[in-house]
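Note sheet for the following structure.
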Amino acid sequence: MSEIVEELPTYPMSRGRCPFDPPPELDRLQDTEPLSRVKLWDGSTPWMVTRYDHSRQLLADPRISSDPRNDGFPFSNAAQSQNRGQFKAFIVRDDPEHAAQRRLVTADFMIKRVEAMRPRIQEITDGLIDDILAGPKPVDLVETLALPLPSLVICELLGVPYADRSLFHRLGKTLLRRDNTPEQSRAASEELRAYLRDLVNRLDAEPDDALLSRLIVQQLRTGQMGIEDIVDMALLLLIAGHETTANMIALGTVALLEHPDQLAGLRDTDDPKVVANAVEELLRYLTIVHNGRRRVALDDIEIGGQLIRKGDGVIVATEIANRDAEAFPDPDKLDIHRVARHHVAFGYGVHQCLGQPLARVELQVVYSTLYRRIPTLALAVPLDEVPFKHDMAIYGVHALPVTW
């Protein structure tokens, strides 16, 4: 048995020469063994799911759990394994607990509410680009636009002081590192939780009209949620609300600069439908969650001629599922005119990303504004000198030097 395990491919795998494509080994598995075993850091051998239809089927199956307290859960590293159960937000809970928590904040991320924020998102974007044009060049687009925009938006939505951004940017990056130790992860989590606990106490004394204050008034003061439950919710929304979109803004810009025909098609249009479609294609093509959607089977499940047994770990690799030719013809081609709305970049099923309407509006505003206002935008370094985030759970770039 140990010899068989040793022969299994180790996950995660290294990318090939193209920084936008999933690892070649995932591509091979999709072609030859779409439901197969891989070996993780701790020697466990969860199932690897690489095809689009299997991914949607399993992510929507109530017999698949997101709760890491279940035996067999495929942890990313020792930090996640040793700290299991400490984080209790809905992203790591199953229904009905998941649904009950998620329902408390769903209204703030619905399309109508987010569309009402579009003018403010446009105002923030224009202001940041004004600052870029008024300053020296080259400039790091991550620090000047990609990170500030979603950070400011989520801070205003939650009621978190934007002045404290250096603290939660630093701690968020630590929590998302693939190679952090249990001690590093625990220290970052405790520091961020202490900050949020203090913020909740201050808002409890003097609430505003933002999301956190409403949770405090409606849930904490009525005894339906404890302060640690509010802190966990705030931690999830704050980190997920800026890290993912920031990486999409920066990585999407690199991809477009490397595909000038696609960039021209986006820059030269004033049709919001074309912009919206381009955002969907960039989400599909880049799929920045490249650590797999981690699950564990709660019952035996037959799928694709394989039997996933109760207690087996499951990793749904949405980055390669979005490159499945059965769902997206010529999948390795970036084509902003393709119909890609059915991608799984936001996941699928009950755990599909809560913040996707907000992310879509932010990306539509940025992509339709940045290249129009700075039409000569270009990388200030060769592509192979751009520091891609091979060390993080969310793919992107650590910095993006650009000029014009």
Side-chain angles (χ1 to χ4, degrees), residues 1-15 22-26 28-30 33-50 54-55 58-59 61 63-89 91-94 171-190 236 239 287-301 303 306-321 347 351 389-395:
M1 180 64 181
S2 61
E3 291 182 0
I4 296 176
V5 172
E6 287 304 317
E7 292 175 359
L8 293 175
T10 300
Y11 185 81
M13 297 109 172
S14 298
R15 288 177 182 262
E25 179 67 11
L26 283 181
R28 184 192 69 78
L29 289 176
Q30 186 181 67
E33 302 174 84
L35 287 159
S36 57
R37 297 276 193 166
V38 293
K39 183 174 62 177
L40 300 189
W41 61 276
D42 59 352
S44 61
T45 58
W47 291 94
M48 173 60 62
V49 184
T50 53
H54 293 158
S55 297
L58 283 170
L59 289 174
D61 195 318
R63 296 170 295 175
I64 289 286
S65 172
S66 296
D67 192 334
R69 294 172 299 179
N70 287 307
D71 291 340
F73 191 89
F75 293 100
S76 299
N77 52 33
Q80 282 196 356
S81 177
Q82 292 190 22
N83 298 328
R84 67 194 294 180
Q86 294 184 8
F87 181 62
K88 297 173 287 187
I91 194 173
V92 291
R93 291 292 181 268
D94 301 324
L171 297 173
K173 287 178 181 175
T174 300
L175 292 172
L176 292 173
R177 288 192 65 85
R178 283 176 158 179
D179 59 354
N180 58 359
T181 65
E183 292 74 22
Q184 290 170 328
S185 180
R186 195 176 303 119
S189 175
E190 289 176 357
L236 170 63
I239 300 301
T287 311
I288 57 172
V289 177
H290 72 157
N291 205 35
R293 310 277 173 168
R294 311 263 172 158
R295 302 288 190 270
V296 59
L298 299 178
D299 204 346
D300 290 354
I301 301 172
I303 180 172
Q306 296 285 359
L307 176 62
I308 296 176
R309 295 191 179 280
K310 178 181 179 180
D312 283 350
V314 177
I315 299 176
V316 180
T318 49
E319 69 268 40
I320 192 66
H351 282 283
K389 288 185 171 179
H390 299 291
D391 53 342
M392 306 292 283
I394 307 296
Y395 192 53

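No experiment lies behind these values; they were computed from the predicted model shown.
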[X] side-chain N/O to [Y] backbone N/O, donor-acceptor pair under 3.5 Å:
X: D94; Y: S66; value: yes
X: Q184; Y: N180; value: no
X: E25; Y: P9; value: no
X: R293; Y: V316; value: no
X: T50; Y: P34; value: yes
X: D299; Y: K310; value: no

Does [atom1] belonging to [X] count more than 12 external heavy atoms closer than 6.0 Å?
X: R309; atom1: CZ; result: no
X: D42; atom1: CG; result: yes
X: L171; atom1: CG; result: yes

Looking only at heavy atoms, which two atoms of I315 and P46 are closest? And how far apart?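 Nearest heavy atoms, I315 then P46: CD1-CG, 3.8 Å.
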Write down the atom of P23, the atom of S14, and the distance for their closest heavy-atom approach.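 Heavy atoms only, the tightest pair is CB-O, 3.2 Å.
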[Y] side chain reached by [X] side chain, heavy atoms, under 4.5 Å:
X: L35; Y: V49; answer: yes
X: S185; Y: L175; answer: yes
X: R186; Y: E190; answer: yes
X: V314; Y: P74; answer: no
X: D61; Y: I303; answer: no

With rounding to the nearest 0.5 Å, note down the distance linking [atom1] in [X] to [atom2] in [Y].
X: L59; Y: I64; atom1: CG; atom2: CD1; value: 8.5 Å
X: H54; Y: W47; atom1: NE2; atom2: CH2; value: 11.0 Å
X: M13; Y: L29; atom1: CE; atom2: CG; value: 5.0 Å
X: I301; Y: Q306; atom1: CD1; atom2: CD; value: 13.0 Å
X: F75; Y: L40; atom1: CZ; atom2: CG; value: 11.0 Å
X: F73; Y: R294; atom1: CZ; atom2: CZ; value: 7.5 Å

Which is it for M392 and R178 under the side chain to side chain contact (heavy atoms under 4.5 Å, CB included) test, yes or no, and what are the steps along the way? CA-CA 5 Å; M392 306 292 283; R178 283 176 158 179; 5.8 Å; no
Cut-off 3.5 Å, side chains only: do S65 and R295 have a donor facing an acceptor?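 No, because no side-chain N or O of S65 sits under 3.5 Å from a partner of the opposite role on R295.
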Audit row: H290, R15, side chain to side chain contact (heavy atoms under 4.5 Å, CB included) steps and yes/no: CA-CA 11 Å; H290 72 157; R15 288 177 182 262; 3.2 Å; yes
Using the rule given for side chain to side chain contact (heavy atoms under 4.5 Å, CB included), can you reason through K389 versus I394, listing the C-alpha separation, both sets of side-chain angles and the distance that settles it, and then say yes or no? CA-CA 8 Å; K389 288 185 171 179; I394 307 296; over 6 Å; no
Please test M48 against L26 for side chain to side chain contact (heavy atoms under 4.5 Å, CB included), starting from the C-alpha separation and ending with a verdict. CA-CA 9 Å; M48 173 60 62; L26 283 181; 4.1 Å; yes
Can you name the residues that form a salt bridge (Lys or Arg N to Asp or Glu O under 4.0 Å) with D67, not counting sequence neighbours?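 So D67 forms a salt bridge (Lys or Arg N to Asp or Glu O under 4.0 Å) with R69, R93.
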Begin from the C-alpha positions of K39 and E7 and carry the test salt bridge (Lys or Arg N to Asp or Glu O under 4.0 Å) through to its verdict. CA-CA 9 Å; K39 183 174 62 177; E7 292 175 359; over 6 Å; no
